[in-house]
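Computed from a prediction, not measured in an experiment: that's the story for all the values here.
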Amino acid sequence: MTQDNTEPVTKPKFPPITMAELPDILTYAIRDTGWTALTPVQSVALPYMFARQDIMAQARTGSGKTAAFVLPIVNSIDPLDDACQALVLVPTRELAIQVEQEAQMLSKAAGIRTIAVYGGVKYKKQIDAFKEGAHIVIGTPGRVLDHLMRRSLRLDSLTTLIFDEADRMLSMGFYPDMKQIQRQLPERNMHTAMFSATFPPHVMRLAKEFMVDPEFLNLSQDNMHVTEVDHAVYNVPLMEKDRALVRIIEKENPANAIIFCNTRQRVNYVTVVLQRFGYDADQLSSDLSQNLREQVLGRVRDGSLRFLVATDVAARGIDIPELSHVIQYEVPEDQEQYIHRAGRTGRAGATGEALLLVEGMEQVKMHQLAKKYDISFVERPLPDDDEIAAVVGERVVNLLESKLRERDKLRRERLERFVALASELAQDDEQGVLLLAMLLDDYYQQTLHNPPPLPSIQQSRSSSPGRSGRSGGGSSRRRSSGGGRRN
């Protein structure tokens with residue numbers, strides 16, 4: 001039996017099902033939802049889930065993925081066993097709450113208990129839910145791991161493991177936590193399923209460490225493959241495009257990106273803005289000396305540069321493998337250039353994001369592009385400052401909780417010296433809070449945006465801070481047998 005079968009299937013192992021073919025318990029579960037038919041991802045994925053076949057299901061956001069894994073969980077739960085039987089891992093607290101609400105709606109009639117667990121809140125409610133026998137636990141990796149280390153959550157009765165938004169789970173620095181959780185799994189075979197809007201090649205590779213003979217199900221489009229570029233547009237206020245770019249980067253959190261501008265002057269301006277904000281960014285334009293150009297290209301080739309800002313002319317001939325995002329800071333003067341720019345992501349079986357920033361009259365050009373090339377732009381709302389604060393706040397909490405878990409008894413004893421001071425600073429609405437915010441900001445920037453050490457000549461010409469610190473984790477693989485602990 002091969003463990004590495006993640007090639008897209010061309011002939012389904014199980015035929016799709018209809019709502020009329022659902023087990024009685026699920027028919028009863030959805031009777032008050034108003035649903036009249038299963039969505040495509042539910043119809044295709046449910047037979048595999050009922051058969052407890054490991055799967056990687058790719059379907060767009062809003063396609064009904066949550067019910068595609070919640071319904072089979074409800075069907076398999078023993079409500080008389082007061083223990084965690086299904087664990088759903090998600091990247092954010094917002095998604096944990098959303099999934100828990102749907103799980104509760106679909107499972108309450110069957111007497112099944114659910115709980116969402118995530119960082120940044122007190123432990124008591126979550127621990128109480130475990131003591132009462134929560135059957136389905138939906139949580140972020142860091143907080144789930146905290147409970148496992150505290151022994152407040154046990155996985156002895158676990159039978160189903162779900163990765164929701166698997167592309168983010170395996171590419172946002174969660175990987176080390178995921179491997180630690182994996183080591184806490186029972187010593188037997190586990191039904192594992194991953195659901196995501198995209199499956200980049202590196203996620204496909206990492207998925208093999210958590211699954212046994214997974215089938216790949218693509219519900220994003222009729223053709224069964226993983227190449228896909230999502231075209232999205234952000235409408236930004238006039239004269240605020242630079243600030244909007246920063247907020248979009250924080251929200252989207254791209255692994256790497258080319259940012260295209262129409263002129264070398266704009267390239268220079270955008271690069272300076274990104275560098276001063278703390279990002280690992282550098283530029284390519286026609287007025288760059290050959291020596292400096294080679295230095296930048298060297299970082300592009302070895303994958304150590306996160307953001308490359310360039311004109312179309314300067315970027316010719318540059319190929320960045322597995323480029324996650326192309327950001328078009330301006331609508332190109334030549335419409336055909338949009339296709340060339342966007343085509344730099346989503347190559348060789350990868351998935352990618354093509355983001356376009358438009359302001360004022362640029363919207364007219366964007367609509368002309370959409371009509372000429374039959375592009376379906378998805379308009380994404382520009383995140384405001386409060387939303388960005390929540391996003392980066394959750395990231396830094398996850399990072400700090402992970403660091404705290406790494407501390408041994410002696411180092412935990414050492415930090416006790418500062419507990420009273422931290423509490424005192426938190427009560428100070430002015431200087432104290434600013435001091436804590438400064439420490440959190442510095443830690444966030446150093447952890448997620450600091451670059452690797454630069455060559456001395458590069459340091460002399462640019463102080464560009466900010467390389468992503470996403471951890472790839474180790475290369476430990478689970479045992480090759482179908483059963484046993486996955487480690």
Would K241 and Y329 count as a cation-pi pair here, with the cationic atom under 6.0 angstrom from the ring centre and within 45° of the axis? yes
Atom NZ of K403 with >12 non-hydrogen neighbours under 6.0 angstrom: no
With R52, which residues qualify under salt bridge (Lys or Arg N to Asp or Glu O under 4.0 Å), at least two apart? none
Hey, mind stepping through F277 and E250 against side chain to side chain contact (heavy atoms under 4.5 Å, CB included) and telling me if it holds? CA-CA 11 Å; F277 200 83; E250 288 292 355; 4.3 Å; yes
Centre-to-centre under 6.0 Å for F195 and F69, is that the case here? yes
K251, NZ atom: more than 12 neighbouring heavy atoms under 6.0 Å: no
Shortest non-hydrogen pair, V397 vs G119, comes out as CG1-C, 4.3 Å
Does H191 reach the main-chain N or O of Q53 with its side chain, forming a donor-acceptor pair under 3.5 Å? yes
In terms of heavy-atom contacts, L106 and A67 come closest through CD1-CB, 4.3 Å
Check step by step if side chain to side chain contact (heavy atoms under 4.5 Å, CB included) holds for K179 and E209. CA-CA 9 Å; K179 295 302 288 185; E209 300 182 19; 3.0 Å; yes
Taking the ring of F199 and the ring of F216, is the distance between their centroids below 6.0 Å? yes
Can you list everything that forms a salt bridge (Lys or Arg N to Asp or Glu O under 4.0 Å) with D312? Sequence neighbours excluded, please. R341
Minimum heavy-atom distance between R405 and G142, given as atom pair plus value: NH1-O, 3.0 Å
Examine distances only and state if a side-chain atom of S43 and a backbone atom of I17 form a donor-acceptor pair shorter than 3.5 Å. yes
Which heavy atom of G64 sits nearest a heavy atom of T39, and at what distance? CA-OG1, 4.1 Å
Is there a donor-acceptor pair under 3.5 Å between the side chain of N256 and the backbone N or O of S324? yes
Can you find a side-chain donor-acceptor pair between K371 and Q368 that sits under 3.5 Å? no
Donor-acceptor contact below 3.5 Å, side chain R395 vs main chain Y444: no
Under a plain distance cut-off of 3.5 Å, with no hydrogens placed, do S289 and N291 share a side-chain donor-acceptor pair? no
Verify, without hydrogens or angle tests, whether D164 (side chain) and V90 (backbone) share a donor-acceptor contact under 3.5 angstrom. no
Approximate separation, where rounding is to 0.5 Å, of T447 OG1 and Q445 CD: 9.5 Å
May I ask you to decide whether K65 forms a salt bridge with E102, counting only side-chain N to carboxylate O separations under 4.0 Å? no
Go through it in stages, so that I can follow the logic: the residues are L404 and E401, the test is side chain to side chain contact (heavy atoms under 4.5 Å, CB included), and I'd like the CA-CA distance, side-chain angles, deciding distance and then a yes or no. CA-CA 5 Å; L404 182 61; E401 287 183 339; 5.6 Å; no
Heavy-atom closest pair (L46 atom, A68 atom, distance to 0.1 Å) is CD2-O, 3.6 Å
Is a side-chain N or O of E252 found less than 3.5 angstrom from the main chain of L355, in a donor-acceptor match? no
Interatomic distance, CZ@F210 vs OG1@T192, rounded to 0.5 Å, equals 9.5 Å
How many angstroms lie between CG in D441 and CG in L434, if you round to the nearest 0.5 Å? 11.5 Å
To the nearest 0.5 Å, atom CG of L356 lies from atom CG of N235 at 9.0 Å
side-chain contact (heavy atoms from CB on, under 4.5 Å) with E330: of R266, K365, E359, only one passes, and it is R266
Flag if over 12 foreign heavy atoms under 6.0 Å of CD, E406: yes
For the CD1 atom of I327 and the CG atom of L308, what is their distance to the nearest 0.5 Å? 11.5 Å
Hey, are Y373 and H231 close enough side-chain-wise for a donor-acceptor pair under 3.5 Å? no
Among side-chain atoms of Y279 and R306, is any donor-acceptor pair under 3.5 angstrom? no
Looking at T263, is its backbone amide N or carbonyl O close enough to the side chain of T311 to form a donor-acceptor pair, meaning the two atoms are under 3.5 Å apart? no
Looking at Y338 versus F377, is the centre-to-centre ring distance below 6.0 Å? yes
Is there a donor-acceptor contact under 3.5 Å from the side chain of E353 to the main chain of H325? no
Restricting to non-hydrogen atoms, name the atom on T92 and the atom on T140 that form the minimum distance, rounded to 0.1 Å. C-CG2, 3.6 Å
Between R247 and P383, is there a donor-acceptor pair closer than 3.5 Å when you use the side chain of the first and the backbone of the second? yes
Give the intermediate values and the outcome of side chain to side chain contact (heavy atoms under 4.5 Å, CB included) for residues L274 and I249. CA-CA 10 Å; L274 294 180; I249 286 174; 3.8 Å; yes
Roughly how far, to the nearest 0.5 Å, is the CD atom of E362 from the CG atom of L238? 9.0 Å
Are the side chain of T160 and the backbone N or O of I73 linked by a donor-acceptor pair below 3.5 Å? no
Decide whether Y118 and E100 meet the rule of one side-chain donor and one side-chain acceptor closer than 3.5 Å. no
